[in-house]
2 protein chains.
Amino acid sequence: MEDQVRWLTTQEQASWRAYLRGTRLIATALDEGLTRHGTRLTEYEILSMLSEAPDGRLRMSALAQLVVQSRSRLTHTATRLERLGWVQRHAVREDRRGVELSLTPAGRAKLEELAEVHVSDVRRILIDRLTPEEFEALGHAMTRVVDSIDVTEGDC
Amino acid sequence: MEDQVRWLTTQEQASWRAYLRGTRLIATALDEGLTRHGTRLTEYEILSMLSEAPDGRLRMSALAQLVVQSRSRLTHTATRLERLGWVQRHAVREDRRGVELSLTPAGRAKLEELAEVHVSDVRRILIDRLTPEEFEALGHAMTRVVDSIDVTEGDC
DNA sequence: GGAATATGATTGAACTCTCAACAGTTCTCC
DNA sequence: GGAGAACTGTTGAGAGTTCAATCATATTCC
C-alpha cells in the first residue's frame with residue numbers, strides 16, 4: 001500500500017485550517033442572512049441557477065451537478081420549493097424520463113428579494129474583508145480547482 | 001433602507017461562483033473519502049481538535065466554536081461519537097455546568113487511521129491541483145477572512 | 001427485435017441537523 | 001445575600017439529508 005503519507009507542512013496545515021474554518025464561518029453567516037428571509041443558501045443557489053438558464057429551465061440532473069447536490073437531494077428540495085410555489089416541474093419532450101425545473105413568477109419575485117440580501121452579505125462577509133487582489137487570488141485558486149475537478153470527474 | 005445594492009462585477013461574480021462550487025466539490029470529495037472509513041469530515045474535525053488540545057480535552061463550547069458548530073449539534077455528535085467509543089465526557093471541576101470531551105484510546109487509534117486517508121485526500125483534491133503559490137494565496141485570503149470574522153464576532 | 005445495461009428521477013426509511021425550550025450553574029450588582 | 005441576568009449543555013420534535021431500492025425510459029449490441 002501507499003505507506004508514506006506526505007503530511008502537511010506547518011505552512012500547508014495553517015492554510016488548510018484557515019480554509020476549513022473560513023468556509024464554515026462564511027457558509028454559516030450567509031445562511032443566517034437568507035434564513036431571516038425564509039430560505040437557505042442551497043435553495044437560493046437553485047433559484048439562481050434557474051433564473052440564469054438559457055430557457056429559464058434546467059434538467060434535474062444538470063441542475064444537481066451545477067449546485068453539487070445529489071439527484072435525490074434535489075428531488076426533495078424541488079418538491080419543497082414547488083410546495084412554496086417558487087418552482088415548477090415540466091415533462092421533457094425528447095426524453096420521457098426527464099424532468100425540467102423552472103421558476104414561477106412568484107419564485108422570480110422571491111429571488112429578486114433574496115438577491116439583494118445575498119449580494120450585500122457576500123460583500124460584507126467575504127469581499128469587503130479582503131483587498132481586491134486577495135479576493136481575485138482566492139477566485140483564481142478556486143477556479144483552478146473547480147476546472148481541474150470538473151475535468152477529472154467529467155470523464156464519463 | 002439601503003436601497004442601492006452594489007451588485008457584483010463580472011469578475012467578482014466569477015470568483016464568487018468558483019468559490020461556491022469549489023468549496024462544495026471539495027467538501028463532497030473529502031467527505032466521500034472519510035465516509036468509506038465510517039466518518040464524516042465534521043466528526044473528523046472534532047477528533048482532530050481533541051487530539052491537539054493541550055490536555056487532550058476541550059470544553060464543549062470551546063470545541064463548538066473551533067469547529068463552527070452549534071452547541072446543540074455538538075452535543076448530538078458527541079453522543080454519537082461516545083456511543084462509538086471514540087470520545088468520552090468529563091465533568092469540569094471549576095465550573096459545574098461544564099463538560100469536557102476527550103479522545104479514548106480507541107478514538108486516538110481511529111483518528112490515526114483516518115488522518116492518513118484525510119491528508120492524502122486533501123493533497124489529491126486541493127493542494128496538488130494548485131501551484132504552491134496559488135495554495136499559499138488561498139490560505140492567505142482565508143486566514144484574513146477568518147481573523148476578520150473572529151474579531152467581529154468575538155466581541156463578547 | 002429484444003435482452004441486457006445504463007440513465008433519470010423518485011421514494012421512504014434511517015440518520016443528522018436545527019430550533020426553541022429547559023435545567024442547572026455562575027455572575028452581577030444593588 | 002439574594003433576585004435577576006447570563007452562560008453551559010442537553011433535550012425532543014420537526015426539518016432536511018443520505019442511502020439503497022425502485023420504476024420508467026433509453027441505449028447498446030448480439
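Order of the sequence lines sets the chain letters (A, B, ...), proteins ahead of strands, with each chain counted from 1.
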Judged by each residue's nearest nucleotide on DNA chain D, which is more toward the 5′ side, B/Val99 or A/Arg93?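 Per heavy-atom nearest nucleotide, the more 5' residue is B/Val99.
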Where the side chain of A/Asp95 is concerned, which of D/dA26, C/dT10, D/dG9 is the nearest nucleotide?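 The listed nucleotide nearest to A/Asp95's side chain is D/dA26.
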I'd like to check [X] versus [Y] (side-chain heavy atoms, cut-off strictly below 4.5 Å). Are they in contact?
X        : Y       : result
A/Asp150 : B/Arg21 : yes
B/Thr42  : B/Arg73 : yes
B/Tyr19  : A/Ile26 : yes
A/Leu101 : A/Met60 : yes
B/Leu63  : B/Gln69 : no

State whether the distance check finds a donor on one side and an acceptor on the other, under 3.5 Å, for side chain A/Arg97 versus base C/dT7.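 Under the 3.5 Å cut-off, the side chain and the base do form a donor-acceptor pair.
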Rounding to a whole Å, what distance do you find between B/Glu94:CD and D/dT8:P?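 Going from B/Glu94 (CD) to D/dT8 (P), I get 14 Å.
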Cut-off 3.5 Å, no hydrogens considered: what does the side-chain donor-acceptor table look like for residues 136-148 of chain A, sequence neighbours left out?
| from | atom 1 | to | atom 2 | distance (Å) |
| --- | --- | --- | --- | --- |
| A/His140 | NE2 | B/Glu134 | OE2 | 2.8 |
| A/Thr143 | OG1 | A/Gly139 | O | 2.7 |
| A/Arg144 | NE | B/Glu134 | OE1 | 3.1 |
| A/Arg144 | NE | B/Glu134 | OE2 | 2.9 |
| A/Arg144 | NH2 | B/Glu134 | OE1 | 3.0 |
| A/Ser148 | OG | B/Arg129 | NH1 | 2.6 |

Give me the bend of the helix from C/dG1-D/dC30 to C/dC30-D/dG1, using the axes of the five pairs at each end, rounded to 10°.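 Helix axis angle between the two ends: 30°.
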Which ones in [range] lie close to DNA chain D, meaning a heavy atom under 4.0 Å from one of its atoms?
range                     : value
residues 51-59 of chain B : B/Arg59
residues 22-43 of chain B : B/Thr35, B/Arg40
residues 67-92 of chain B : B/Arg71, B/Ser72, B/Thr75, B/His76, B/Arg89

What residues form a salt bridge (charged side-chain N to carboxylate O under 4.0 Å, His left out) with A/Arg71, not counting sequence neighbours?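 In terms of salt bridge (charged side-chain N to carboxylate O under 4.0 Å, His left out), with neighbours along the sequence ignored, A/Arg71 is linked to no residue.
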Lys/Arg-Asp/Glu bridge criterion (N-O < 4.0 Å) met for B/Glu32, B/Arg36: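 Yes, charged N to carboxylate O under 4.0 Å.
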Using a strict cut-off of less than 4.0 Å between a Lys/Arg side-chain nitrogen and an Asp/Glu carboxylate oxygen, indicate whether B/Arg17 and A/Glu52 qualify as a salt bridge.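 Salt bridge present between B/Arg17 and A/Glu52.
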